[in-house]
Structures are given as structure tokens and as C-alpha cells.
Amino acid sequence: MAWFGRLTELAATSAQGSESPSLMPDSVRSDGARAARCRLPGRRSVASGLTVKSGVHKLEMAPHASAALLAVLAAHMVAGTRRYTYPTYAQAVDAMRSLASHYPSLVKHTTAQGAYGLGTAGTCRTRTPGTQERTFGPCLNHILHITNRQTLPDPDRPDILFLGGLHGDERIGPVSTIELARFLADAYATTPWVRRLVDGASIWIVPLTNAVGYETNTRLELSLFPNRDFGYVQQPERCMTTIAGRTVNELFRRQLFQIVVTFHGGMTSIGYPWGSFNHHRNGPSRAPDDAALVDIARSMSAYASTGGVDKPYPYGTMNEQVYPVHGGMEDWGYAASFDRAGAVRCAPRSHGGYAPGRSDVTNASARALVFLVEAGPKRPRESTLGSSAAVLTPGGPGDGHVPRNIRLALTAIDFLRPHVELLLVEPTPAGPGRPVVVRVGRIVRVAWRMWGATRINRAELVWRASAAEPWATVPGSSEVFRALAQVGAVWASTPAETGAGTHELCVLALSTGAFALAVRAQVDDHWGMPGGARVAPANMPPQSHLARARTDRGWAMANGEQRVVGRTEWLSAPVEVRVGASMSRSDEQPLRSASAPFRPALGCAARRGRR
């Protein structure tokens, strides 16, 4: 995809231990094709705190290039390239166990049977751990949890869930989710963007949700239908009948998912609520969170691109893109907590029954933004799956079904929480952890970008003289940034918008002393606004945790050990600036009456469209 740019030169770099490249845009051409030269001179990134030894990247970008690529170029340091192949059930289980063994600080592997005491459905071929012996045993529902485990517990870390293989004969979802897990673990040490995502998110992956269906390559779990098995617009005796459905339900009982992505196969689309008959009586209705659903689906489709194997993902409500169903996981996971007219308590008889209380939802447990990704053919030719080399280079060699689905997933993870990334402060600090040093009357240039959002509603430069003081706005900075309103985040609603990407502001140092500078922003206000006449239930405002967490400071909900607390302002990592006396008293004299130590510099307005 042209707007994600083209890698023209990748010089050798040295990344040792936990050290990773930090991208520091140095110059931008003024003509149509912008070029960002990213120095890696052994200094520390303000945003990531990662030190780099040496090396230079150069990126040539089309006028509509995305800032997302700048942040992930370092992923080219990930060693090795693998062609993707379809695993058997036993091979998939081996891969999950291996990830947990090799990355114990990032990956935890468990099963629904071990964690939740669920029964099993069917018999699967597997390998006895520690041996090469292949045996038959009960089909287990395997679960991966990926996050920085060394910083747990963290009740505020947002949860996201990826599901594959709810229909056992749809093979693209399992291979995509297993390779997503492998990519996150492998790239963590070398890719700042991936590291930030894993550190800041609680990522749950169930690659073989319908385990016996995957083993036998059949759609159903034995004779039962996993994707009609949830307590929303369904008969009580016909929901929670499958082990697959109960596995998902147990995860919802304990976590507080803000986004869920479920991979299917058979067509190409991204669907989202509504997808049920109760909201399809007079044509497809819109969900209360339609604004957020549309923005995220659009962004996932754009970054996923075509993979060189399919059309871009079209997106829309499931009632429009697919068809309405009873008991669908997607509408249940989104709305069972607030649309009580559709929610039911399940009373199945299969597998020895399921205690009625276990299917109950709380006011908080089912408010996720849920996306049904129909990822093309059920089992694309293995030659079209692609390779690990293409995950972060849409349209590059080795692109295919799996790389584009991993890109889609990375987009979803990034949306969990807005993030202001401070990219560059000039003059350049003398070394890692060192302050910016400047004299009164001189310019400080700040470059930044906004992740995890589509629109910047307000932005300002803030300062303080000590950590004990509140942040104060640099006078005039919000007015300078006002031109960015409604556009400008990394995932801008239209990639061609000139506001998307990196933004700059120059300020004049007015007073001597040591100060901290940071960027503060508000984003995606439209996610919190009521929808129009087609919204159902009628007149209902947005209800999802994700939308309310960034638009409603009064939003506070908890489930199990996790919680969501609303906030409307997002602050970058600060940078220390030390301002010394001017070399000329005549230069300093007009600045002595300043009420703040900085002000926007004349002739250096906020620059937009830097990629």
C-alpha cells in the first residue's frame, strides 16, 4: 500500500541485549515525496528509553505515507524468516508450549480445562511433553496470555482477545493467531512498537477455540454449533452447549475485554455489531458505539492491506456484511451487559450441564468492541499464507494472508489506549538520560505523534519546574495546535489527510532554570457522542469500555481483578530542558517579564503531515 511507504535503504545496525533502534526523524524534504532520515547515534529515545549503538535507516515515502511505518521500521531487526504453514493440532500445541517455555516473562500457556475446570469434547492427537511420543487424548482448549509479566499485577492494563477456529474447518484463523503470538514474542526485544504494545496490553489468544473441530477439520464441535452458542437472542437450552463457547465465556467472566477479534473464513470482510435479528427488523440498525467501530475497522482494513492475495477488507455491520444470527458471540460480547432485553441465562444439558450462574454477565463484563474478521477462503493455499519477513511491510516480498492478519491484529492492540509519543527534541541531548540544554532566547523544537486514536481534538505543550507541581500550559501552544483538531493521529480516518503523522512545534526559551516539557492531548471526542436515528436501542449513548474510557472521566467499572477508569487527557513522556543565561543581556532583557518559561516561536508554527 503506497501510503505506508517504501523502504529504500536499510543499513546494518547493531542491536545487543535489550537495546533497540529508536527512530529520530532528522529532516523532511519540502517537495511532494517526504523523506525521513532516522538517525540511530547511540542516544536514547524520549518515548521508549531504548539505547541504540549505531546505524542509519532511510525511508522514502509517498505524500500520503503513514506515520505507523516509521514506528515499526525497527522490526526489520527481527532475525530469521519463516514461510507460514498450517499446523496440525499437535503441532499447534507444541508451538504454544514452546513460546511459553522460551519467553516465560512474556507468555503464559494454559488450558480451559486446567484454568476453569471445563470438560472436554472429542479426542485429539498430541505429543507427550518432554517426549516425541504421539498419543491420543482429550481435546484441550489452549489459551495464551501475552504481556510483560514482570510488571503484573496491573488492574488498569486493558484486555484484548483474539479467537481462531471457532469453526473447525476454517484454518486461516488458527494459523494467523498462532503466528501473531509468535511474532509478538519474537519481536518484543527488537521492535519498540511491539514492545510498547505488549508492555501496555493484556493480550489473550485462543487459536483453536473449537479444538475437536480443528482436529477433525469439521465446522461443528461434534454436533454442536459454537458460533450460535452465546446468551444473546438465543433460547436458554441452546446456549453454552459447547466447550468452545464455555471457554470464551470463562474468559469474559474473569477479564474486562475492551476489544475482541474473532477470525473466520469463507468470505472477505470485517463485521461488527449489530449482527442479530432483534436489530434487523426494519433494516440493519447501528450500534451505540458505531463511530468507534467504524474508525477501528477502517484502520484495520487499511493497515492489513491486501496481502497481495485478496481485496482490502470491506467493513460494515454484520447484518450488512454477513447475515443476522441467534446466539452470536459478537453481539453477546459487545452488548449482553447493557442490552438486557436480548441477554438470556443459559441452561444447556450437554457435557453434564453448565451451572446457570456461570453464564450470567455483570454490568461490566460484556462491553467489548467485537470484530468478526472473515479472512478470505477457509483454507487458502499454503503458498499464499506468506512469510514472517512481510509482517511490517505491506505489499513487500512474502506478504500474504497471515502477515496482513497480523497487521490487522497489531492495529487493534494499538487502539486499546491512546499514546502520545515524543519523537524528537532539539537541540539534541548529549546522551541517554541527559537534558536538552539551551540558552534564553533560543529555540526548542518538539516533534510528536498520537497513537491509538484517529482524531486529535485538542493538543498543547505543557511544562513544570518540578514533579511536585501541576502541569501548566505553554501560553499560545493550544492555539497553534488548534489546526490539528479532528485530524492528525496516526490512525487518521483517511490516510491522505495532511494532518496524519508527526507534528512539530518550536518554542522560545524565556527564563533560566530546569524544566520538564511534555505534550498533552485529547482524542476521539466523537466516540462519546450519541448516534443518529438508526441507533438501536433508541437514544442510547455509546456503551463500550473503549469509547467511554477516553471520553468520559466518570466512567469506572470493574470485573474480577481488572478495571476501566475513564480519562480524557493523555500525556507524553516528559523531557528535561535546562535553560541557561543568554550570552547577550540585550537579547535577554525583553524576555524578563514573561509569565511562563516558554512561548511558541514566531515563524515556527506547528507543522503537519510529517511522516
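Along the sequence shown, the residues carry numbers beginning at 1. Any value given below was found using the heavy atoms of this structure, including those in side chains, with hydrogens, waters and symmetry copies removed.
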I would like to know whether Phe515 and Phe598 meet ring-ring contact (aromatic ring centres under 6.0 Å, His included); could you show each step before the answer? CA-CA 10 Å; Phe515 308 97; Phe598 304 97; 5.6 Å; yes
Euclidean distance, Leu369 CG relative to Leu293 CG, rounded to 0.5 Å: 5.0 Å
Suppose we screen for salt bridge (charged side-chain N to carboxylate O under 4.0 Å, His left out). Which residues come up paired with Arg563, at least two apart in sequence or across chains? Asp156
Is there a donor-acceptor contact under 3.5 Å from the side chain of Asp159 to the main chain of Leu256? yes
Residues at least two apart in sequence or cross-chain that pass salt bridge (charged side-chain N to carboxylate O under 4.0 Å, His left out) with Glu460, listed by chain then number, are Arg458, Arg520
May I ask you to decide if Gln543's main-chain N or O and Asp289's side chain share a donor-acceptor pair within less than 3.5 Å? yes
Taking Arg464 first and then Glu469, would you say they form a salt bridge - that is, a charged N and a carboxylate O separated by under 4.0 Å? no
Please assess Phe252 against Val361 for the test side-chain contact (heavy atoms from CB on, under 4.5 Å), listing each intermediate value before the final yes or no. CA-CA 8 Å; Phe252 268 81; Val361 297; over 6 Å; no
Partners passing ring pair (Phe, Tyr, Trp, His ring centres under 6.0 Å) against Tyr272 (at least two apart in sequence or in another chain): none
Shortest non-hydrogen contact between Asn148 and Leu106, atoms and distance: CA-CD2, 4.2 Å
Ring centroid separation for Trp491 and Tyr303, is it under 6.0 angstrom? yes
Just by distance, no angles: are the side chains of Glu421 and Trp451 close enough, under 3.5 Å, to form a donor-acceptor pair? yes
With Asp339, which residues qualify under salt bridge (charged side-chain N to carboxylate O under 4.0 Å, His left out), at least two apart? none
Can Thr454 and Asp295 be counted as having a side-chain donor-acceptor contact under 3.5 angstrom? yes
Contact summary for Ala304 and Leu408, nearest pair of heavy atoms: CB-CB, 4.0 Å
Taking atom CZ as the centre, does Arg149 end up with more than 12 heavy-atom neighbours from other residues, nucleotides or ligands that are less than 6.0 angstrom away? yes
side-chain hydrogen bond (donor to acceptor under 3.5 Å, both in side chains) filter on Arg157, not counting sequence neighbours, yields Thr147, Thr151, Asp154
Measure from NZ or CZ of Arg195 to the centre of the six-membered ring of Trp193 and say whether it is under 6.0 Å with the direction within 45° of the ring axis. no
For Arg578, give me all partners under salt bridge (charged side-chain N to carboxylate O under 4.0 Å, His left out), at least two apart in sequence or on another chain. Glu576
